Amino acid sequence: MQGENLTSWSFFFLEGFSRYPKLEIVLFVFSLLMYLITLLGNSTLILITVVDSRLRTPMYLFLGNLSFMDICYTSASIPTLLVNLLSSQKTIIFSGCAVQMYLSLAMGSTECVLLAVMAYDRYVAICSPLRYPIIMNRRVCVQMATISWVTGSLTALLETSFALRIPRCGNLIDHFTCEILAVLKLACTQSLLMDTIMLVISVLLLPVPMLLICISYVFILSTILRISSAEGRSKAFSTCGAHLTVVILYYGAALSMYLKPSSSGSQEIDKIISLLYGVLTPMLNPIIYSLRNKEVKDAVKKVLGKMYLQQTQEHL
């Protein structure tokens, strides 16, 4: 049906990894395991930031938001992927596709902005420690988190609404999810308006926050190198190491997906990158923040200890 406008179809087929049927069961186990670890790790981080009063600081407020985003981001696409990996009929209804695309874009865009906000938080904490409680007060932190959410939500709404209104000449998405670039490949004609919107939003949400993060870390590194004691330098580095690791993982995958030429590489490689971006990064975030953070480790032990005592008392 080459060239026929099939925009009115109410569902899409998801190609996924159908070309590699033997690989699907391996991917199912891998994705399910990663998804469960993601839910457990990020839910635990949210729980301890709410329960432990010592963690009611700006950094943990932002970290709780980041964990919630990661849960929403993976839950938008991974359950559908898991079902389709075991099913021969890999379909998704139009409204489900729209919700999936919107949530993925909204959570991803919000995270881009929030990571820049977290970099600024580390900059103030290290470069202006005496003024930190004044600058990063509760009201300012809530406003910064809200700006991150509003920015991500509005840009995602704009992209999703335009992407799904473009006339399509097919309903087979060569992807495992309703990823916007894969959906746009179904367009009957090239849309200059959509390309412009995608380019502007990609630049605003990828290179611009990344530049702000780099500027923050230039000042942070300059301040750390002026600290005389080795212990002080080590402590300062440890407070930034987790965030910097997450930034490298997140932006590395995002830039490789959204700022490369559309004709370069294989679609199968795009799927793998998208899977790693959607499952591995959210799973690693709580692990990275926990491994190098004594406060988080102590809070987890405290919560687990309380749960153990409650269970013991119930059995007595």
Side-chain angles (χ1 to χ4, degrees), residues 1-20 72-73 75-81 83-85 87-110 112 150-207 253-275 277-278:
M1 296 188 189
Q2 192 69 28
E4 185 180 347
N5 187 343
L6 302 174
T7 307
S8 59
W9 282 358
S10 59
F11 65 94
F12 293 99
F13 289 103
L14 295 170
E15 177 75 21
F17 298 94
S18 301
R19 297 167 194 163
Y20 310 97
C72 293
Y73 185 83
S75 298
S77 57
I78 300 306
T80 302
L81 169 64
V83 170
N84 287 339
L85 283 172
S87 172
S88 57
Q89 194 78 0
K90 306 177 193 300
T91 59
I92 184 169
I93 60 174
F94 181 85
S95 58
C97 184
V99 170
Q100 193 178 77
M101 184 187 295
Y102 173 75
L103 285 176
S104 297
L105 288 170
M107 296 305 107
S109 301
T110 304
C112 286
V150 171
T151 302
S153 300
L154 291 180
T155 54
L157 183 62
L158 182 65
E159 288 180 293
T160 303
S161 59
F162 273 94
L164 294 178
R165 280 161 56 186
I166 291 176
R168 294 178 300 277
C169 290
N171 68 338
L172 175 61
I173 301 174
D174 192 7
H175 211 280
F176 62 83
T177 183
C178 285
E179 200 269 334
I180 187 167
L181 296 180
V183 173
L184 289 175
K185 289 180 180 178
L186 301 178
C188 299
T189 57
Q190 195 77 9
S191 171
L192 180 60
L193 177 60
M194 188 67 222
D195 289 345
T196 304
I197 290 171
M198 287 287 294
L199 179 61
V200 171
I201 291 177
S202 295
V203 169
L204 288 176
L205 294 178
L206 288 171
L255 287 169
S256 65
M257 282 177 61
Y258 293 107
L259 288 184
K260 67 176 181 58
S262 58
S263 58
S264 69
S266 164
Q267 181 63 19
E268 302 306 313
I269 295 174
D270 288 350
K271 292 178 192 177
I272 296 297
I273 293 173
S274 184
L275 184 61
Y277 177 72

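From a predicted model like this one, the values you see are computed outputs, not experimental measurements.
In this structure, the side chain of Lys90 does not engage the main chain of Leu14 through any donor-acceptor pair within 3.5 Å. Judged by distance alone, the side chain of Ser161 and the main-chain N or O of Leu158 form a donor-acceptor pair under 3.5 Å. Side-chain N or O atoms of Arg19 include none that pairs as donor or acceptor with a backbone N or O of Glu15 at under 3.5 Å. Although no hydrogens or angles enter the test, the distance criterion places a donor-acceptor pair under 3.5 Å between the side chain of Lys271 and the main chain of Gly16. In this structure, the side chain of Asn171 does not engage the main chain of Phe13 through any donor-acceptor pair within 3.5 Å. In this structure a side-chain-to-backbone donor-acceptor pair under 3.5 Å is missing from Ser87 to Val83. The closest donor-acceptor contact from the side chain of Thr160 to the backbone of Leu157 lies at 3.5 Å or more, if one exists at all.
Distance check, rounded to the nearest 0.5 Å: NE2 of His175 to CD1 of Ile180 gives 12.0 Å. Between Glu159 atom CD and Leu164 atom CG the span is 11.0 Å, to the nearest 0.5 Å. In this structure, CZ in Phe94 is found 13.0 Å from CZ in Phe11, a value given to the nearest 0.5 Å. To the nearest 0.5 Å, atoms CD (Glu179) and CG (Asp174) are separated by 11.0 Å. One distance of note links CG of Asn84 with OG of Ser77; it measures 11.0 Å at 0.5 Å rounding. Atom CZ of Arg165 and atom OG of Ser191 lie 10.5 Å apart (nearest 0.5 Å).
Side chains of Leu186 and Cys169 form no contact here, defined as non-hydrogen atoms less than 4.5 Å apart. Annotation: side chain of Leu81 is in contact with side chain of Leu275 (closest heavy-atom distance under 4.5 Å).
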**OP:** Any chance you could lay out the side-chain contact (heavy atoms from CB on, under 4.5 Å) test for Thr110 and Val150, step after step, and finish with the verdict?
**Re:** CA-CA 8 Å; Thr110 304; Val150 171; over 6 Å; no
Original post:
Can Leu105 and Thr155 be said to form a side-chain contact (heavy atoms from CB on, under 4.5 Å), step by step?
Top reply: CA-CA 8 Å; Leu105 288 170; Thr155 54; over 6 Å; no
Between side-chain atoms of residues 96-104 and protein atoms elsewhere (two or more places apart, or another chain), which donor-acceptor pairs fall under 3.5 Å?
| from | atom 1 | to | atom 2 | distance (Å) |
| --- | --- | --- | --- | --- |
| Gln100 | OE1 | Thr177 | OG1 | 2.6 |
| Gln100 | OE1 | Cys178 | N | 2.8 |
| Gln100 | NE2 | Ala76 | O | 3.2 |
| Gln100 | NE2 | Thr80 | OG1 | 3.2 |
| Tyr102 | OH | Ser153 | O | 3.4 |
| Ser104 | OG | Gln100 | O | 3.0 |

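Listed by first and then second residue, the ring pair (Phe, Tyr, Trp, His ring centres under 6.0 Å) pairs that reach into residues 176-201 are Phe17-Phe176, sequence neighbours excluded.
When every heavy atom of Ala156 is checked against every heavy atom of Ala106, the shortest pair comes out as CB-N, 3.3 Å.
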